[in-house]
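Just follow the structure's listing: the first ligand is 1, and inside any ligand the first atom is 1.
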Amino acid sequence: MGIDPNFRTSRQVTGDHSGHKVYAPADPPPVPKEKALGIHGTIVGVDFDLCLADGSCITACPVNVFQWYDTPGHPASEKKADPINEQACIFCMACVNVCPVAAIDVKPP
Ligand code: SF4
């Protein structure tokens, strides 16, 4: 199961973080509900509840969209690829193609 490609319209926005929106977790989430972090980003959405901190996306991105964000105690991984610079995305889809758990969805605004 990868990121929900419809999250931009089907999920509530629960907050803002580092200049991007945060969307509600899946219901039910793939991790215990009290630990669920939801999806970060709109142009470049990363499902933090799926992200395993593989890091391939950070290496692959030619324009440095991602930065590590520490999430201590999260069951899937204790850091996440945070799309802090999603406005810089050039839609090459490299991150989408390398993510081992399909945690990333990219859509031009
Ligand atoms: S689609 Fe390409 S440019 Fe955009 S975040 Fe992914 S790797 Fe970076």
Checklist entry - Is it true that the side chains of Ser10 and Tyr23 contain a donor and an acceptor less than 3.5 Å apart? => result no
Checklist entry - Do Phe66 and Ile104 pass the side-chain contact (heavy atoms from CB on, under 4.5 Å) test, and can you show the C-alpha distance, the side-chain angles, and the key distance before you say yes or no? => result CA-CA 11 Å; Phe66 305 98; Ile104 306 174; 4.2 Å; yes
Next on the checklist: Just to confirm my output: which protein heavy-atom neighbour is closest to atom 3 (S) of ligand 1, and how far is it?
Outcome noted: Ile90 N, 3.4 Å
Item to check | Gap between atom CG of Asp4 and atom CD1 of Ile39 - 0.5 Å precision | outcome: 6.0 Å
Next on the checklist: Distance check, rounded to the nearest 0.5 Å: Met93 atom CE versus Cys61 atom SG?
Outcome noted: 11.5 Å
Donor-acceptor pairs under 3.5 angstrom involving side-chain atoms of residues 74-84: please list them, not counting sequence neighbours.
residue: His74; atom: ND1; partner: Ala76; partner atom: N; Å: 3.1
residue: His74; atom: ND1; partner: Lys80; partner atom: NZ; Å: 3.0
residue: His74; atom: NE2; partner: Asp49; partner atom: OD1; Å: 2.8
residue: Ser77; atom: OG; partner: Cys51; partner atom: O; Å: 2.8
residue: Ser77; atom: OG; partner: Lys79; partner atom: O; Å: 3.0
residue: Ser77; atom: OG; partner: Lys80; partner atom: NZ; Å: 2.8
residue: Glu78; atom: OE2; partner: Gly73; partner atom: N; Å: 3.0
residue: Lys80; atom: NZ; partner: Phe48; partner atom: O; Å: 2.9
residue: Lys80; atom: NZ; partner: Cys51; partner atom: O; Å: 3.0
residue: Lys80; atom: NZ; partner: Ser77; partner atom: O; Å: 3.3
residue: Asp82; atom: OD1; partner: His20; partner atom: NE2; Å: 3.1
residue: Asp82; atom: OD1; partner: His40; partner atom: ND1; Å: 3.3
residue: Asp82; atom: OD2; partner: His17; partner atom: ND1; Å: 3.2

Item to check | Top protein contact for atom 2 (Fe) of ligand 1, by heavy-atom distance | outcome: Cys92 SG, 2.3 Å
Checklist entry - Can you tell me the protein heavy atom closest to atom 1 (S) of ligand 1 and the distance? => result Met93 N, 3.2 Å
Checklist outcome for this item: To the nearest 0.5 Å, atom CD of Gln12 lies from atom CZ of Phe7 at 14.5 Å
Checklist entry - For ligand 1, which atoms, with element, lie under 4.0 Å from some heavy atom of Phe66? => result 5 (S)
Next on the checklist: Report whether any nitrogen, oxygen or sulfur of Cys89 sits less than 2.8 Å from atom 2 (Fe) of ligand 1 (N, O or S, backbone or side chain).
Outcome noted: no
Checklist outcome for this item: Counting from 1 in the order shown, the ligand 1 atoms closer than 4.0 Å to a non-hydrogen atom of Val63 are 3 (S)
Checklist entry - Among all protein non-hydrogen atoms, which one is nearest to atom 6 (Fe) of ligand 1, and what is the separation to 0.1 Å? => result Cys95 SG, 2.3 Å
Next on the checklist: When you measure from atom 8 (Fe) of ligand 1 to the N, O or S atoms of Cys61, does any of those distances fall below 2.8 Å?
Outcome noted: yes
